[in-house]
Amino acid sequence: DFPLANPADFTPFDSAPMNPPFARGADIDHVTHALAFLRPGGRLAAIMSAGVEFRQDAKAQAFRDLVAANGGTIERLPDGSFLESGTGVRTVLVAMVRA
């Protein structure tokens with residue numbers, strides 16, 4: 001279970017491509033936790049729920065601040081990007097470099 005993994009048990013990674021679960025903000029939790037596994041300068045790219053772009057709760061706002069602090073971007077993906085996989089959920093691509 002990734003959220004229980006301890007970053008200290010691993011050699012820091014150069015990159016982390018991710019497609020975390022979206023339910024109840026789990027994508028924010030997973031991506032935030034994954035940053036701790038990267039070396040400084042390591043790159044993270046994640047497909048996330050589009051909610052991270054517009055939700056006004058403290059968790060989403062803190063996440064946007066984290067993305068900005070790590071020189072990141074949140075790019076809206078086209079509607080229907082994952083229809084072929086059976087889901088119409090709106091998504092974004094979050095990319096950042098660990099500061």
Problem set entry | Test side-chain contact (heavy atoms from CB on, under 4.5 Å) applied to Met18 and Val94, Leu44, Ile47, Asp27, the passing residue | Leu44
Exercise. For the side chain of Arg43 and the backbone of Ala16, is there at least one donor-acceptor N/O pair under 3.5 Å apart?
Worked result: no
Exercise. Can Arg39 and Asp14 be counted as an ion pair, charged N to O under 4.0 angstrom?
Worked result: yes
For this session: Might you work through the side chain to side chain contact (heavy atoms under 4.5 Å, CB included) test for Ile28 and Met48, ending with a clear yes or no?
Result: CA-CA 8 Å; Ile28 291 175; Met48 299 181 71; 4.1 Å; yes
Exercise. How many angstroms lie between CG in Asn19 and NE2 in His30, if you round to the nearest 0.5 Å?
Worked result: 10.5 Å
Problem set entry | Nearest-0.5 Å distance that lies between atom CZ in Arg98 and atom CG in Asn70 | 8.0 Å
For this session: Fit a plane to each ring of Phe13 and Phe37, take the angle between them on a 0 to 90° scale, and name the class: parallel (under 30°), tilted (30 to 60°) or perpendicular (over 60°).
Result: tilted
For this session: Report yes or no: does Thr87 contribute a side-chain atom to a donor-acceptor pair with the main-chain N or O of Val89 at less than 3.5 Å?
Result: yes
Exercise. With side chains defined as the heavy atoms from C-beta onward, is the minimum distance between Ser49 and Thr91 less than 4.5 Å?
Worked result: no
Seminar exercise, completed: Scanning both residues in full, the closest heavy-atom pair of Pro7 with Ala36 reads CB-O, 3.5 Å
Exercise. Between Val92 and Leu66, is there a shared hydrophobic cluster once you connect ILVMFWY residues whose side-chain heavy atoms come closer than 4.5 Å?
Worked result: yes
Problem set entry | Heavy-atom pair with the smallest gap, counting every atom of Ala46 and Val31 | CB-CG2, 3.7 Å
Exercise. Could you go step by step and tell me if Asp29 and Arg24 meet the salt bridge (Lys or Arg N to Asp or Glu O under 4.0 Å) rule?
Worked result: CA-CA 10 Å; Asp29 297 335; Arg24 295 178 299 282; over 6 Å; no
Exercise. Should the pair Asp57-Arg55 be classified as a salt bridge under the 4.0 Å nitrogen-to-oxygen rule?
Worked result: yes
